[in-house]
Amino acid sequence: MKLVSVIQHTSSEYLGLIEDHLEGRGIRFRYFRPFTEGGTLPLRDAVRDGLILLGGGVWGAAGTRDVPTLREEVSLAHAALMFESPVIGIGLGAQILALAAGGGATPAPLEFEVTVARRVDDNALNGYLPREYPLALYGRDRPLPPAHAKVLAVDPGRVPALWQIGACAFGFAGHPGLKVAMVEDLIMEFAEAPPQPGAELAKLRAASRAMEDALVPIMTGVVQAANWMQPRAAG
């Protein structure tokens, strides 16, 4: 049976609404928390079934305040790409995926913004990506996808919001399964927080139902592309 490795970078940010979609399909996953005492990263061979890299709150990957395990995680994501394993990068995780795939990360201040992403490829996620969906961004720095990445959706400024590497690696600028409580916990977890987050929290609350609805086709497409419903190949 397959087991997807999920790397957390903070106590507050986890899979959120995505958990229900994996559990409902019988897809097993295991969290790794390298920031905790005794916490570790998965071994290279453990990511053959799939790797999900979550956001990082105040942490980035562009040199200003890098997540402490950045080098190891880029190496791990690169190994997963070489295995042609599914890789999902969210927020900071998308920066790590971009670096692993030959792209980069650009410095940006810590921010929290709720806006809308628009599909630019009708075949995105096997045709399941909604034409528009809420885009909730919380984090520092931004991914620079490599030139060979396929952009699937953009934000209002035409910046990539979702992009694809190969057949089954995806970079999400925002967390598609974000919950309001996760943002509230992120604000309390660190001394540093985005300026005046109240207005964006109100937007996130208002968009919560739309995010839940959009996640249904998004996860259908992701699971299909990742082949997570298929049994592990013999050998």
Side-chain angles (χ1 to χ4, degrees), residues 4 6 12-25 27 29 50 52-57 86-95 97-98 108 111-139 141-145 149-165 167-184 186 194 197 199-226 228-229:
V4 179
V6 183
S12 302
E13 186 164 347
Y14 60 103
L15 288 171
L17 297 170
I18 294 173
E19 283 190 350
D20 293 339
H21 289 268
L22 298 179
E23 291 171 347
R25 292 174 169 89
I27 300 168
F29 56 90
I52 300 177
L53 300 149
L54 293 173
V87 184
I88 310 298
I90 296 172
L92 169 60
Q95 298 173 45
L97 174 58
E111 66 174 345
F112 172 36
E113 181 182 19
V114 180
T115 181
V116 175
R118 290 179 173 82
R119 186 184 67 209
V120 294
D121 184 333
D122 289 341
N123 296 317
L125 299 183
N126 286 351
Y128 283 101
L129 185 68
R131 185 176 64 85
E132 292 186 353
Y133 61 94
L135 176 64
L137 306 167
Y138 189 108
D141 302 337
R142 295 291 173 262
L144 291 175
K150 180 188 297 184
V151 177
L152 306 181
V154 297
D155 70 12
R158 303 294 296 179
V159 175
L162 172 60
W163 41 274
Q164 180 175 353
I165 301 289
C168 54
F170 300 93
F172 287 84
H175 195 319
L178 191 65
K179 296 182 177 181
V180 172
M182 291 164 61
V183 176
E184 293 172 338
L186 277 168
E200 297 306 310
L201 276 170
K203 289 182 185 179
L204 183 58
R205 290 189 185 95
S208 292
R209 180 58 183 272
M211 289 189 71
E212 291 180 24
D213 291 344
L215 190 61
V216 174
I218 288 173
M219 286 306 300
T220 299
V222 167
V223 168
Q224 283 189 6
W228 279 332
M229 297 292 287

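In what follows, every heavy atom counts, from backbone to side chain, and hydrogens, waters and symmetry copies are set aside. Counting begins at 1 with the first residue of the sequence.
No donor-acceptor pair closer than 3.5 Å links the side chain of Asp155 to the backbone N or O of Ala161. For Gln95 (side chain) and Asp141 (main-chain N/O), a donor-acceptor pair under 3.5 Å exists by modelled atom type.
Counting only heavy atoms from C-beta outward, the side chains of Ile90 and Glu13 approach each other to under 4.5 Å. With contacts defined as side-chain heavy-atom distances shorter than 4.5 Å, the pair Leu22/Val4 does not qualify. At a threshold of 4.5 Å between non-hydrogen side-chain atoms, the residues Arg119 and Leu162 do not count as touching. Two residues are said to be in side-chain contact when any heavy atoms from C-beta on lie closer than 4.5 Å; Met182 and His175 meet this criterion. Under the 4.5 Å side-chain criterion, counting only non-hydrogen atoms from C-beta, Leu178 is in contact with Leu204. Using a 4.5 Å heavy-atom threshold, the side chains of Phe29 and Ile52 count as separate. Using a 4.5 Å heavy-atom cutoff, the side chains of Pro143 and Trp163 are in contact. Annotation: side chain of Tyr133 is not in contact with side chain of Pro176 (no heavy-atom distance under 4.5 Å).
Residue Val222 is tested with Leu215, Ile18, Leu129, Leu125 for a side-chain contact (heavy atoms from CB on, under 4.5 Å); the sole match is Leu125.
Taking Phe112 as the reference, Tyr138 meet the ring pair (Phe, Tyr, Trp, His ring centres under 6.0 Å) condition, with sequence neighbours excluded. Taking the side chain to side chain contact (heavy atoms under 4.5 Å, CB included) definition, one finds that Ala169 meets it with Leu81, Val87, Leu97, Ile165, sequence neighbours left out. Here Asn126 pairs with Gln224 under the side chain to side chain donor-acceptor pair (under 3.5 Å) rule; sequence neighbours left out. Taking the salt bridge (Lys or Arg N to Asp or Glu O under 4.0 Å) definition, one finds that Glu113 meets it with nothing, sequence neighbours left out. Judged as a side chain to side chain contact (heavy atoms under 4.5 Å, CB included), and not counting sequence neighbours, the contacts of Arg209 are Glu212, Asp213. Contacts of Glu200 classified as side chain to side chain donor-acceptor pair (under 3.5 Å), with partners at least two apart in sequence or in another chain: Lys203. With sequence neighbours left out, Glu19 forms a side chain to side chain donor-acceptor pair (under 3.5 Å) with Tyr31. In this structure, the side chain to side chain contact (heavy atoms under 4.5 Å, CB included) partners of Val151, at least two apart in sequence or on a different chain, are Val120, Val154, Pro160. Contacts of Lys150 classified as side chain to side chain donor-acceptor pair (under 3.5 Å), with partners at least two apart in sequence or in another chain: none. The side chain to side chain contact (heavy atoms under 4.5 Å, CB included) test applied to Arg205 returns Val180, Glu184, Leu201, not counting sequence neighbours.
For residues 167-176, the set of pairs meeting the salt bridge (charged side-chain N to carboxylate O under 4.0 Å, His left out) definition, not counting sequence neighbours, is empty. Applying the salt bridge (charged side-chain N to carboxylate O under 4.0 Å, His left out) test to residues at least two apart or on different chains, the pairs with a partner in residues 126-139 are Arg118-Glu132.
Residue Ala98 comes nearest to Leu144 through the heavy atom pair CB-O, 3.6 Å, listed as atom of the first residue, atom of the second, then distance. Across Ala214 and Pro130, no two heavy atoms sit closer than the pair O-CG, 4.0 Å. The two atoms that bring Lys179 and Gly16 nearest to each other are CE-C, 4.0 Å, heavy atoms only.
By the 6.0 Å contact criterion, OH on Tyr128 is open, its count of non-hydrogen atoms from other residues, nucleotides or ligands being 12 or less.
The structure places NE2 of His21 at 11.0 Å from CG of Leu15, a figure rounded to the nearest 0.5 Å.
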Apply side chain to side chain contact (heavy atoms under 4.5 Å, CB included) to Val116 and Leu135, showing your working. CA-CA 5 Å; Val116 175; Leu135 176 64; 5.9 Å; no

Output, in order, the C-alpha distance, side-chain angles, deciding distance and verdict of side chain to side chain contact (heavy atoms under 4.5 Å, CB included) for Leu54 and Val6. CA-CA 7 Å; Leu54 293 173; Val6 183; 3.7 Å; yes

